[in-house]
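Heads up: the structure comes next, in structure tokens.
Every chain is numbered from 1 and lettered A, B, ... according to where its sequence line falls, protein lines coming before strand lines.
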Amino acid sequence: MAYWLMRSEPDAYSWERLVEDKGTEWDGVRNSTARIHLRAMKPGDLAFFYHSNEQKAAVGIMRIAREGRPDGEDGKWVSVAVEPVKPLARLVTLKAIKAEPRLSALEMLRQSRLSVSPVRDEEWMVMLELGETRL
DNA sequence: GCCAACGTTGGC
DNA sequence: GCCAACGTTGGC
């Protein structure tokens, strides 16, 4: 099983909205690196939901509910289905992520503009620890 | 096929 | 409001 981090501006689509909807189609991603990650996702994989801009923090945990399918007019992009698992008991802010040496190699820090990025097993555990959350 | 110009995104 | 990073576009 793989772990991911997926980002959205809360104004565009928020964690609260996802919980309300009980799941959503994560579409509209128009970046080829992000597409590679979307294609690699398998049902059952887990992902942090990160709020960019105002909040700048991971707020919850999602499960990949369905593998990628074609997205966009010409179908050359990819979308997956996601569903909420549980909120993080404590927000994991970007500040906290940057301050944690064990997260210094986190893909999202390396490629700050990437909206879908992989998270290593060890990094996932550290994030959960910072979020004071158990699955 | 290369690269400069430009647009977009996200953080500060 | 600014700037850095980076993807895309268009001219050559």
Side-chain angles (χ1 to χ4, degrees):
Chain A
M1 180 180 67
Y3 299 113
W4 311 94
L5 185 147
M6 300 166 83
R7 146 161 78 197
S8 173
E9 295 183 27
D11 282 352
Y13 194 85
S14 66
W15 166 259
E16 290 73 22
R17 185 77 194 285
L18 177 74
V19 170
E20 230 177 86
D21 295 347
K22 299 188 169 63
T24 194
E25 187 70 22
W26 200 276
D27 56 11
V29 176
R30 296 293 180 267
N31 172 285
S32 49
T33 306
R35 179 173 56 188
I36 291 170
H37 300 318
L38 289 170
R39 279 199 181 121
M41 289 180 182
K42 299 251 179 352
D45 283 359
L46 296 173
F48 288 114
F49 191 125
Y50 177 93
H51 278 164
S52 58
N53 285 344
E54 308 100 273
Q55 198 159 28
K56 289 182 292 249
V59 296
I61 298 165
M62 309 186 281
R63 177 182 294 114
I64 307 305
R66 197 215 60 241
E67 64 188 13
R69 73 178 182 203
D71 179 35
E73 218 166 288
D74 47 10
K76 66 173 193 141
W77 297 103
V78 175
S79 67
V80 296
V82 296
E83 58 193 21
V85 175
K86 59 155 61 171
L88 288 166
R90 188 192 162 107
L91 299 186
V92 181
T93 62
L94 180 62
K95 203 175 154 192
I97 292 171
K98 284 188 166 170
E100 171 53 66
R102 290 174 294 168
L103 295 177
S104 60
L106 193 69
E107 196 58 23
M108 141 189 237
L109 292 181
R110 247 176 37 83
Q111 278 226 69
S112 62
R113 283 180 52 199
L114 195 57
S115 67
V116 180
S117 60
V119 176
R120 296 171 187 85
D121 292 8
E122 323 84 77
E123 293 167 340
W124 179 268
M125 298 308 164
V126 173
M127 291 278 292
L128 283 185
E129 186 187 313
L130 295 180
E132 296 173 5
T133 303
R134 283 173 181 281
L135 279 171

N/O donor-acceptor pairs under 3.5 Å from side chains in residues 31-39 of chain A, not counting sequence neighbours:
residue	atom	partner	partner atom	Å
N31(A)	OD1	T33(A)	N	2.9
N31(A)	OD1	A34(A)	N	2.9
R35(A)	NH1	K76(A)	O	2.6

Is the side chain of N53(A) donor-acceptor paired with the backbone N or O of P10(A) at a distance under 3.5 Å, no angle test?
->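 No, the answer is negative, given that no donor and acceptor are paired below the 3.5 Å cut-off.
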
D71(A) side chain to W77(A) main-chain N or O, any donor-acceptor pair under 3.5 Å?
->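 Absent.
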
Contacts under 3.5 Å, N or O only, protein and nucleotides 8-12 of chain B:
residue	atom	partner	partner atom	Å
dT8(B)	O2	R113(A)	NH2	3.3
dG10(B)	OP2	E9(A)	OE2	3.2
dG11(B)	OP1	R7(A)	NH1	3.4
dG11(B)	OP1	Y50(A)	OH	3.1
dG11(B)	OP2	N53(A)	N	3.1
dC12(B)	OP1	K98(A)	NZ	2.6

If you look at every strand shown and take non-hydrogen atoms under 4.0 Å, does R110(A) touch a base, only sugar-phosphate, or nothing?
->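 Sugar-phosphate contact only - R110(A) comes under 4.0 Å of backbone atoms but never of a base.
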
Kindly write out the residues that satisfy ring-ring contact (aromatic ring centres under 6.0 Å, His included) with W124(A), not counting sequence neighbours, or none if the list is empty.
->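 ring-ring contact (aromatic ring centres under 6.0 Å, His included) check on W124(A) returns Y3(A), F48(A).
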
Using atom CD1 of I36(A) as one end and atom C1' of dG7(C) as the other, report the distance to the nearest whole Å.
->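 Distance check: I36(A) CD1 to dG7(C) C1' gives 13 Å.
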
Apply the side-chain contact (heavy atoms from CB on, under 4.5 Å) test between L46(A) and each candidate in V119(A), L135(A), V82(A); give the one that qualifies.
->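 The passing option is L135(A).
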
